[in-house]
Amino acid sequence: MKRRMKLLNAALLSVTMLFAGCGSQAEAPAEEAAPAAAAAVSETAEAQEEVKDTAAVSEAGEVVAAVSEAAEEPAAEPSELIVFAAASMTETLTEIGDLYMAEHPEVSIVYNFDSSGTLKTQIQEGADCDLFISAGQKQMNQMDAADTTGTNEEGLDLVVSETRVDLLENTITLVVPENNPKEIASFDDLAAKLQDGSILMAMGNEDVPVGQYTQKILAYYNLSEEDLAAAGTITYGSNVKEVTTQVAEGSVDCGIIYCTDAFSAGLTVVASADKEMCGQVIYPAAVMKNARNPEVAADFLSYLFNDNCGSIFANVGFTPIAAE
């Protein structure tokens with residue numbers, strides 16, 4: 001055993017002197033370096049002469065290889081990924097982010113969950129953001145110089161258009177508190193009871209995607225949001241989580257939210273809106289032009305399309321959209 005250790009130590013000494021020599025050849029006189037190198041070579045030769053155990057020689061070779069490999073592979077640089085995402089993605093993205101960070105320990109994900117309108121404003125005002133996932137196309141269009149819908153009225157150029165993709169589809173639902181006190185059965189029933197002023201409904205603000213989808217539903221039933229608000233039959237939330245909380249606490253008779261938030265909060269869904277009522281609910285995603293870590297953002301965005309992430313999204317009611 002002592003002989004084997006002597007051989008291993010000699011091998012390690014040779015490797016150490018090799019790396020040390022690479023950094024100091026220009027500084028050390030040749031006559032000083034030569035005796036030390038010769039001594040190392042002599043000691044290694046002596047150890048090899050004393051120990052004929054081929055297993056020990058093999059082990060020494062493995063140590064040399066391991067040390068060399070470690071010296072050639074620097075540790076990955078730590079990266080912070082800042083993701084701005086619609087509040088309705090809080091639970092799913094948090095779970096997915098934990099999985100991603102477990103596979104990429106050098107990456108730390110920082111989330112900012114809020115209404116897409118609020119997030120868009122923050123990005124526009126200069127907030128650091130690597131990746132933006134909106135609950136509606138409108139907020140993304142407003143920042144995309146490649147927008148062809150006429151939505152980008154300010155001429156903003158904040159989105160790396162080439163990275164923009166449609167990630168998920170959601171569904172707008174009508175939810176009620178426990179036991180459904182007002183016995184609301186459908187959107188048709190909702191419209192009738194809003195018209196006669198017998199219920200109080202929670203909805204998102206006009207700058208929140210879920211509020212914009214609700215406005216389309218009211219228009220579908222020829223209901224005036226302004227008149228309903230004046231009559232005291234509507235209350236508002238600054239994001240979908242606030243609307244969800246009002247329904248869960250029973251402070252309103254019903255609310256219009258995403259099916260994913262209804263699932264997460266354990267609320268009763270009495271009806272789902274179809275495309276004719278409010279259009280498709282698509283979640284676009286894109287890397288931002290002010291991204292500090294665009295490569296990591298692009299990698300995480302690609303990661304969101306894998307089967308495991310798709311299952312996590314689907315489990316709460318999202319419909320993953322296949323990457324093109």
Side-chain angles (χ1 to χ4, degrees), residues 62-63 65-116 118-120 122-123 127-135 139-140 159-160 162-171 209 239-241 244 258-266 281-324:
E62 292 175 1
V63 172
V67 173
S68 299
E69 183 177 355
E72 293 171 0
E73 295 183 1
E77 290 293 326
S79 300
E80 181 180 74
L81 175 64
I82 301 177
V83 179
F84 280 31
S88 51
M89 301 186 73
T90 301
E91 294 81 9
T92 51
L93 271 189
T94 299
E95 181 179 353
I96 289 171
D98 289 342
L99 294 175
Y100 184 85
M101 287 186 286
E103 296 179 21
H104 302 79
E106 76 282 2
V107 176
S108 175
I109 300 178
V110 177
Y111 287 116
N112 180 16
F113 294 109
D114 211 321
S115 74
S116 300
T118 298
L119 297 176
K120 175 259 179 185
Q122 292 174 354
I123 295 171
D128 289 331
C129 174
D130 296 308
L131 179 66
F132 177 42
I133 309 176
S134 173
Q139 288 71 26
M140 192 70 78
V159 173
V160 181
E162 296 78 12
T163 68
R164 181 173 172 176
V165 291
D166 290 339
L167 177 64
L168 302 165
E169 184 173 2
N170 210 336
T171 303
N239 59 50
V240 70
K241 294 299 183 185
T244 303
Y258 302 115
C259 71
T260 52
D261 291 281
F263 177 88
S264 297
V281 183
I282 302 297
Y283 284 51
V287 177
M288 295 291 102
K289 284 199 170 179
N290 71 337
R292 294 183 300 173
N293 288 299
E295 295 84 3
V296 179
D299 185 69
F300 182 65
L301 179 54
S302 176
Y303 183 83
L304 296 178
F305 284 95
N306 73 38
D307 291 342
N308 191 29
C309 293
S311 296
I312 292 172
F313 286 131
N315 285 341
V316 300
F318 282 115
T319 300
I321 298 174
E324 295 182 356

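Note that the numbering runs from 1 along the sequence shown for the chain. Any value given below was found using the heavy atoms of this structure, including those in side chains, with hydrogens, waters and symmetry copies removed.
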Exercise. Just wondering, do Asn170 and Cys259 contact through their side chains at under 4.5 Å, heavy atoms?
Worked result: yes
For this session: Could you tell me whether the side chain of Tyr111 and the main chain of Leu93 form a donor-acceptor pair under 3.5 Å?
Result: yes
Exercise. Under 3.5 Å, side chain of Thr163 to main-chain N/O of Val287, donor-acceptor pair present?
Worked result: yes
Problem set entry | Chi angles and distances behind the side-chain contact (heavy atoms from CB on, under 4.5 Å) call for Leu131, Met288 | CA-CA 6 Å; Leu131 179 66; Met288 295 291 102; over 6 Å; no
Problem set entry | Check: Tyr303 and Ile96 side chains under 4.5 Å, non-hydrogen atoms | yes
Exercise. Which residues pass the side chain to side chain contact (heavy atoms under 4.5 Å, CB included) test with Asp166, sequence neighbours left out?
Worked result: Gln137, Ile282, Pro284, Ile321
For this session: Output every pair passing salt bridge (charged side-chain N to carboxylate O under 4.0 Å, His left out) with a member in residues 282-305, not counting sequence neighbours, ordered by first then second residue.
Result: Glu80-Arg292, Asp157-Lys289
For this session: Hey, could you give me each pair passing salt bridge (charged side-chain N to carboxylate O under 4.0 Å, His left out) that has a residue in residues 82-101? Not counting sequence neighbours.
Result: Glu91-Lys241
For this session: Would you confirm whether Asn290, through its side chain, and Ala127, through its main-chain N or O, come within 3.5 Å as a donor-acceptor pair?
Result: yes
Problem set entry | Worked check of side-chain contact (heavy atoms from CB on, under 4.5 Å) between Thr118 and Asn239 | CA-CA 9 Å; Thr118 298; Asn239 59 50; over 6 Å; no
Exercise. Given the rule in the side-chain contact (heavy atoms from CB on, under 4.5 Å) test, do Val296 and Asp130 qualify, once you have shown the distances and angles that lead to the verdict?
Worked result: CA-CA 9 Å; Val296 179; Asp130 296 308; over 6 Å; no
Exercise. Heavy atoms, side chains only, cut-off 4.5 Å: are Val107 and Phe300 in contact?
Worked result: no
For this session: Might you point out which heavy atoms bring Phe113 and Thr94 nearest each other, and give the distance in Å?
Result: CE1-OG1, 3.9 Å
Exercise. Which atoms form the tightest heavy-atom contact between Tyr258 and Ala135, and what is the distance?
Worked result: OH-CB, 3.5 Å
Problem set entry | Thr260/Thr92 under side-chain contact (heavy atoms from CB on, under 4.5 Å): CA gap, chis, key distance, verdict | CA-CA 9 Å; Thr260 52; Thr92 51; over 6 Å; no
